[in-house]
Amino acid sequence: MSNELQERTRSAAPVGQQLAGSGQQATPFVLTVACAERRGIVHAVSSFLAMRGFDIAEHQQFDDHVSNTLFLRTAFTGTLAGTAGNRAGSAASTADSLSADFAEIAGEFGMSYSFHDDRPQRILVMVSKFGHCLNDLIFRWRAGSLGADIAAVVSNHEDLRPMAETAGLPFIHVPVTASTKPQAESRLLELVDEYDADLVVLARYMQVLSDGLCRELHGRAINIHHSFLPGFKGAKPYHQAYERGVKVVGATAHYVTGDLDEGPIIEQEVFRVDHGVDPDSLVTAGRDAEAIALSRAVKWHCQHRVLLNGSRTVVFR
Ligand SMILES: Nc1nc2c(c(=O)[nH]1)N[C@@H](CN(C=O)c1ccc(C(=O)N[C@@H](CCC(=O)O)C(=O)O)cc1)CN2
């Protein structure tokens with residue numbers, strides 16, 4: 001251990017703070033904002049951050065001239081207390097404290113906004129019998145490339161219990177019939193709380209969620225639909241695609257709403273097909289497109305890169 005570090009470790013200050021001089025990254029935060037377009041919004045945001053000693057690491061914005069709305073996402077990091085230009089500010093900041101400090105500015109501009117720290121989002125994955133999307137999510141989670149933590153797996157069938165439990169994940173079987181759907185959905189909401197889930201992912205979960213549940217999960221439930229929406233809604237899109245003779249098929253990840261397969265689209269993946277591809281081959285080829293589109297949508301949502309814009313989304317990739 002270098003003399004300098006020995007010197008440091010003997011002092012009272014916590015290690016993290018001491019490493020300030022060494023250029024170590026401090027807590028990364030993300031701010032997302034949506035508000036009516038007007039001059040001074042970016043200046044207000046950047047001044048708020050600069051005055052508190054924060055360094056903007058990434059900034060993206062979109063001026064939607066159709067709805068006259070500005071959307072922005074700013075990723076920033078603090079410089080630790082005691083370092084140049086920042087006596088106490090950013091080091092002590094939390095997402096909640098920043099949110100409170102920013103409220104006056106947000107009120108002046110009529111902003112809807114959220115501050116997020118770097119705590120990984122926790123997801124609850126819902127499945128039925130098809131395991132390809134769950135398998136892909138587990139692979140990316142274990143590889144550390146999902147940008148989220150899988151908290152548990154919930155299913156209306158037992159088929160995928162081995163896949164979940166082999167990955168060390170809790171598996172909860174919640175059977176659903178037409179008569180038990182209300183109880184099943186109440187159980188799901190209990191599980192969202194029990195596992196402190198930030199996001200519910202319908203990874204080929206083949207039950208339609210009620211309007212009430214969709215309202216409860218507004219903006220925090222993502223579904224993968226196995227077609228290139230708006231084409232071929234419903235339960236058997238690949239067979240519909242085959243019958244129609246389309247040359248491009250794909251998959252669509254979207255937020256879940258009470259209107260089946262109508263939720264705001266986050267990501268789509270497509271691939272070309274020709275007359276020689278039969279329905280079973282479409283299903284097989286479609287699995288890759290579904291897994292890719294869903295995992296991307298989950299990662300971007302959990303990195304706070306997706307903002308709702310009415311029935312559409314703004315995605316700061
Ligand atoms: N409120 C919503 N719930 C769900 C959506 C959605 O968009 N809004 N997407 C589905 C997934 N899905 C297509 O992507 C889908 C799943 C199931 C069905 C369907 O007709 N299911 C039948 C039962 C089928 C079975 O038991 O195997 C039904 O629920 O009666 C259509 C589309 C997930 N939920």
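Read the numbers this way: they start at 1 and go in the same order the structure lists the ligands and their atoms. Starting from 1, each residue takes its place in the sequence as its number.
Within 6.0 Å of CZ on R39 lie no more than 12 heavy atoms contributed by other residues, nucleotides or ligands.
Applying the side chain to side chain donor-acceptor pair (under 3.5 Å) test to pairs two or more places apart or on separate chains, those with a residue in residues 279-288 are D278-S281.
For atom 34 (N) of ligand 1, the protein comes within 4.0 Å by at least one heavy atom.
The backbone of I224, and not its side chain, has at least one atom closer than 4.0 Å to an atom of ligand 1 (non-hydrogen atoms only; backbone = N, CA, C, O). Of the heavy atoms in H254, only side-chain atoms (C-beta onward) come closer than 4.0 Å to ligand 1. Of all the heavy atoms of L213, none lies under 4.0 Å from any atom of ligand 1, so neither backbone nor side chain is involved.
Considering backbone and side-chain N/O atoms, L260 never comes within less than 3.5 Å of an N/O atom of ligand 1. For ligand 1, none of its N or O atoms has an N or O atom of V256 under 3.5 Å away. Not a single N or O atom of E262, backbone or side chain, sits closer than 3.5 Å to an N or O atom of ligand 1. Backbone and side-chain nitrogen or oxygen atoms of N223 are examined, and one is located within less than 3.5 angstrom of a nitrogen or oxygen of ligand 1. Below 3.5 Å of separation, one finds no N or O of D259 facing any N or O of ligand 1.
Less than 4.0 angstrom separates some heavy atom of T257 from each of these atoms of ligand 1: 1 (N), 2 (C), 8 (N). The atoms of ligand 1 that sit less than 4.0 Å from any heavy atom of H225 are 13 (C), 14 (O).
What sits closest to atom 7 (O) of ligand 1 on the protein, heavy atoms only, is D261 N, 2.9 Å. For atom 3 (N) of ligand 1, the nearest protein heavy atom (residue, atom name, distance) is L209 N, 3.0 Å. For atom 20 (O) of ligand 1, the closest heavy atom belonging to the protein is A235 CB, 4.1 Å. For atom 26 (O) of ligand 1, the nearest non-hydrogen atom of the protein is Q207 NE2, 2.9 Å. V208 CG2, 4.2 Å is the protein heavy atom nearest to atom 28 (C) of ligand 1.
Using a 4.5 Å cut-off between side-chain heavy atoms of Ile, Leu, Val, Met, Phe, Trp and Tyr, with links allowed through other members, L260 and L213 fall into different hydrophobic clusters. No chain of hydrophobic side-chain contacts below 4.5 Å, direct or via other Ile, Leu, Val, Met, Phe, Trp or Tyr residues, connects F139 to M163. A continuous path of hydrophobic side-chain contacts links L189 to V174 [ILVMFWY only; heavy atoms under 4.5 Å].
With rounding to the nearest 0.5 angstrom, the OG atom of S67 is 7.0 Å from the CD atom of E37.
Looking at M126, M206, H157 and measuring to atom 24 (C) of ligand 1, the nearest heavy atom belongs to M206.
You'll find the side chain of F232 reaches within 4.5 Å of the side chain of R244, heavy atoms only.
The shortest heavy-atom distance from C214 to ligand 1 is under 4.0 Å.
Classified by interplanar angle (parallel below 30°, tilted 30° to 60°, perpendicular above 60°), the ring pair H301/Y255 is perpendicular. Using cut-offs of 30° and 60° on the angle between ring planes, the pair Y113 and F115 is perpendicular.
Ion pairing between R119 and D198 holds under the 4.0 Å rule for side-chain N and carboxylate O.
Between F102 and F48, the ring centre distance stays below 6.0 Å.
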